[in-house]
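See below for the structure under consideration.
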There are 2 protein chains.
Amino acid sequence: MQTDPAPRTAPITRPTLADVAALAGVSASTASLAYSGSGPVSDATKERVLAAASELGYAGPDPRGRSLRRGRSGIVGVVLEERVRAAFLDPVKIQMLDGITEGIAPLGAGLLLLTDTGEEGGNAVGIESAPVDAVVLVGCSPRLGHSVEALRRRGIPAVAIEGATGDDVPQISIDNREATRRGAEYLRDLGHTDVALVTLPFDAARTRGPLTPDLERGSTADTASERLLGARDVFPHATGRAAAVSSIEEGLEAGRALLADPAHRPTAVIAQSDLLAAGVIQAAEELGVAVPAELSVLGFDGIRVDGLQHDLTTLVQPSVAKGRAAGEAVVQLLAGEPPESVCFTSTLHVGDTTGPPPRSPSAAGATPSRP
Amino acid sequence: MQTDPAPRTAPITRPTLADVAALAGVSASTASLAYSGSGPVSDATKERVLAAASELGYAGPDPRGRSLRRGRSGIVGVVLEERVRAAFLDPVKIQMLDGITEGIAPLGAGLLLLTDTGEEGGNAVGIESAPVDAVVLVGCSPRLGHSVEALRRRGIPAVAIEGATGDDVPQISIDNREATRRGAEYLRDLGHTDVALVTLPFDAARTRGPLTPDLERGSTADTASERLLGARDVFPHATGRAAAVSSIEEGLEAGRALLADPAHRPTAVIAQSDLLAAGVIQAAEELGVAVPAELSVLGFDGIRVDGLQHDLTTLVQPSVAKGRAAGEAVVQLLAGEPPESVCFTSTLHVGDTTGPPPRSPSAAGATPSRP
DNA sequence: CAGCCCGCTCGAATCGATTCGGCCTAGAAT
DNA sequence: ATTCTAGGCCGAATCGATTCGAGCGGGCTG
């Protein structure tokens, strides 16, 4: 009565530590000690246990039992606001992820990819129920609050990258507003007065389209809002368009819309990401608008953009360092130390996509403020 | 008004299902049923349990206990042969990862990133001890055999992408040899006879340098070997250099070495990845060698390479489909169905980096085999 | 020679949830 | 009215490993 080929020693089930102990002639507790090495066990005994284990083909303690008892799973979750595909298309995310792995290296923990897209169905392993010791929330997800609440109830410590949770969750962020302001000031000093914006999405719906007061007010995305404020600090009346995601395609679309009418064409565009900036440049090329002669474009991130011919003027943020800081914060949290927020600063990299505005304003009796 | 209510019932420890059951006035088993919904429980009771849970701030069954009992953790491991940073720099890997998430979607499982770089120290969660239900081995890791053995002992089903394990592990692969042969034939038909190779690493040490019989014989990397064979099918005596990793930098270095001596310059280079090909092209530009006029370059993968000006002639492989197939194989395996290997085919994309060889061979009385 | 200390093992409890068989009760059928 | 049926609920065992305190024998010291 055996469905499987029943070898002499192997029952249907995999050997457990108890089996090993029995074969070695010791108690389960001793066998456990022999493995974890955290107790006084004679070398002879330990060897006997190991021998028994190898005879049984025992591959070491089952992580499930272990994590139940220990209360730790050795896994750190990374919560992405988008599906994995989208996140990995964003070079900034990848760099942060890499930084995170560096940061949590001392833990020797694994990285579990999670998304907080809505409810998890059935047996799904979501943020609500994943065997993680801590999580890193990546990106300013609109539904971040929901996730944080779930984690709090589960008693799982969290660190947020670029997402104000307003709680006891440590934040890893950058000077979004100040950085953008510096970039805007640079454009202003070049002589630009007619500046358009291309922003990251503001809300969970990822509404694409013209910037409206309603949209801005309803923002649940801090990064977009902060960068918007930084731009407005210098160009109070600047307006533009919101993209649905940070991608070249979205930037292209926004760029087409902004540059469509030659009569009302900005002399500069402040894009909230390098990918969006690249898209705007692509749109400019399509429409025969020269960059930077007729249009200056400013990006944000400091990544190398695939296929972009220009050396983009952009605000370079330390993505890897951000990730690493988040990882280190997780380590601290798990060690019981108090959470510590960090704010990095970005630097303006001047490339070849920005320059003085063209001599004659694109028509339209705009403020000729320069004598 | 108490954010952290220290209610009469809440001790230092988090509530368990038993606590909830007690408060609801039912047994733990009933409470469990109320949550899993897999048994007959009256609506009234269920509601009472849920109410008790919310009163206690119970966030649902602990995944540790659940997975111990159920024997499933709801996590699928992805074993990368390199550190995460390196893997995510490779667009092919990212695409495969994305495909995997698609493939395992019906499982609702999380993805745990693992690397099989050597032994795991201390409490590290490695391939030896990770709470995974199955794993996908990505890439032809030299130490793959070791990983497979560990998994077999633990009884964890695995699927390998591009790595011959020679066992009962289902393989997801592509026609590396045939595809490369087709590419080589294309070059031959253009008139090339003097072709150099730039290969992926052959061994665990990632030895960089000239191809030698020793190196080729000692190969533990099937992808590199297969593609090499495909090239040799057409150019039996072709030689070249092995790169340490698939990257533009490595390709650049190999390209410099291959093109250094104007007297012994190949008219075409077969690179085993697009990144390597891009590096070779970069080297050619450095040295003033025109592509494709003086040098044809063939890549492999079909990705868009960052910053590359050309439309690379390459063998396009279905990376996402490979990942998806692997994910689907995992689902099958977990469902108890027999493993199923898949082999995809690549297609030759002719871009602008290949053309006929220059009129006068690069000097050196090389085999003027064409009359 | 007796007593004490120390190092090694063992038992038993615990972590938190799930599952299976059995019991109980209310309503229905005869 | 009695028996049958079935839906609901409970008890207890189980998953696999870890941990803490107790026991026990041998070596060292006074």
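A, B, ... follow the sequence lines: proteins, then strands. Residue 1 opens every chain.
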Please set out all donor-acceptor pairs under 3.5 angstrom arising from side-chain atoms of residues 324-342 of chain A, sequence neighbours excluded.
| unit_1 | atom_1 | unit_2 | atom_2 | d |
| --- | --- | --- | --- | --- |
| A/Arg324 | NH1 | A/Glu102 | OE1 | 2.4 |
| A/Ser341 | OG | A/Gln171 | N | 2.9 |

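- Mapping A/Gly60 and B/Gly25 onto DNA chain D via the closest heavy atom, the residue that lands nearer the 5' end is B/Gly25.
- Whole-Å rounding puts the B/Arg154 CZ to D/dG16 P distance at 13 Å.
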* Quick one: what's the B/S/- string for nucleotides 18-24 of chain C, heavy-atom cutoff under 4.0 Å, read 5' to 3'? -> BB-----
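- With distances taken from any side-chain atom of B/Thr45 to the nucleotides C/dA17, D/dC9, D/dA17, the minimum falls on D/dC9.
- The CG-C1' distance, from A/Asp62 to C/dC15, rounds to 14 Å in whole Å.
- Taking the side chain of B/Val41 as heavy atoms from C-beta on, and the options D/dC9, C/dC8, C/dG16, the nearest nucleotide is D/dC9.
- In the model, B/Ser32 has no side-chain atom that pairs as donor or acceptor with a side-chain atom of B/Ser29 under 3.5 Å.
- For A/Glu47, there are no side chain to side chain contact (heavy atoms under 4.5 Å, CB included) partners two or more places apart in sequence or in a different chain.
- Taking 4.0 Å as the cut-off between side-chain N and carboxylate O, B/Arg154 and B/Glu128 do not count as a salt-bridged pair.
- One atom, CG of B/Leu68, and another, C1' of C/dT14, lie 12 Å apart when rounded to the nearest Å.
- Two residues are said to be in side-chain contact when any heavy atoms from C-beta on lie closer than 4.5 Å; B/Leu97 and B/Lys93 fail this criterion.
- For the residue pair B/Ser73 and B/Asp133, a side-chain donor N or O sits within less than 3.5 Å of a side-chain acceptor on the partner.
- B/Ser27 has a side-chain polar atom (N or O) that falls below the 4.0 Å cut-off from OP1 or OP2 of D/dC10.
- In this entry the distance linking CG of B/Asp19 with C1' of C/dT14 reads 14 Å, nearest Å.
- Rounded to whole angstrom, the span from the CG atom of B/Asp43 across to the P atom of D/dG7 amounts to 14 Å.
- Contact check, A/Tyr58 against D/dG16: no side-chain N or O comes under 4.0 Å of OP1 or OP2.
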